[in-house]
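Letters go in sequence order (proteins before strands), and every chain restarts at 1.
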Amino acid sequence: DTAVSQTPKYLVTQMGNDKSIKCEQNLGHDTMYWYKQDSKKFLKIMFSYNNKELIINETVPNRFSPKSPDKAHLNLHINSLELGDSAVYFCASSQDGINTEAFFGQGTRLTVV
Amino acid sequence: AQSVSQHNHHVILSEAASLELGCNYSYGGTVNLFWYVQYPGQHLQLLLKYFSGDPLVKGIKGFEAEFIKSKFSFNLRKPSVQWSDTAEYFCAVNARTGANNLFFGTGTRLTVIP
């Protein structure tokens, strides 16, 4: 009964390919996020979705597109993968409100070769 | 926009030593503050959080943190570390108004030597 689950856990792909990472949360939260963790462990928010509406997009290339079929899912689709996209991508969710915490998934290690 | 600074990049301690990791944030409004831990190869887990009230908050595994508003700081402490505390520690902040996204510090790697 994992709270936030991501698939796949590892993804190795060639430059130029298109790939998707799936995320599901069973916590009933209203907001879901995607974070990117680079090789230096720095975490940066990429997207935030609240009730299927994008509310943050932090200078992310438009090759990255979040897709939210419903409140419990936020998938990340990446077109034309580049070497620099190699990182660990974390999905997270939180409940709306001012006093809430984010719950993170296990992460997806993406390696572009 | 918020920003978070963690000045200790890598801390090495022997078991039973005391720990203090620094965290400073920059934001003019009211914030929520968090410490997350990432064990090797794992996801981020919440250690503790501050929303309001007593500025000294206690978290899991014997960790605590103190919010000092005048210093914009939220330092993490533990009186006696264990080998199992070896991990990456992240301070994070979100604004109590507007979007609820977290801004993270660059992390501090803690290595505890048995």
Okay, B/Gln42 and chain A: the region with an atom under 4.5 Å from a heavy atom over there is backbone

Cut-off 4.5 Å, heavy atoms of chain B, and the answer for A/Gln6 is neither

*asked:* Distance alone, cut at 3.5 Å: any donor-acceptor contact between the side chains of A/Ser20 and A/His77?
replied: yes

The interface call for B/Leu44 against chain A, heavy-atom contacts under 4.5 Å, is both

d(A/Thr108 OG1, A/Lys9 NZ) to nearest 0.5 Å is 10.0 Å

Cut-off 4.5 Å, heavy atoms of chain B, and the answer for A/Leu43 is both

Check: Are side-chain N/O atoms of A/Ser94 and A/Tyr33 paired as donor and acceptor at under 3.5 Å?
Finding: yes

One option among B/Gln38, B/Glu88, B/Arg109, B/His43 has the most heavy-atom pairs under 4.5 Å with chain A, and it is B/His43

When the 4.5 angstrom heavy-atom criterion is applied to B/Gln45 and chain A, the contacting part is neither

Residue pairs passing the salt bridge (charged side-chain N to carboxylate O under 4.0 Å, His left out) test with at least one member in residues 25-50 of chain B, sequence neighbours excluded, are A/Glu101-B/Lys49

Open item on the list: Testing the 3.5 Å rule here: is there a donor-acceptor pair between the side chains of A/Asp30 and A/Asn50?
Closed with: no

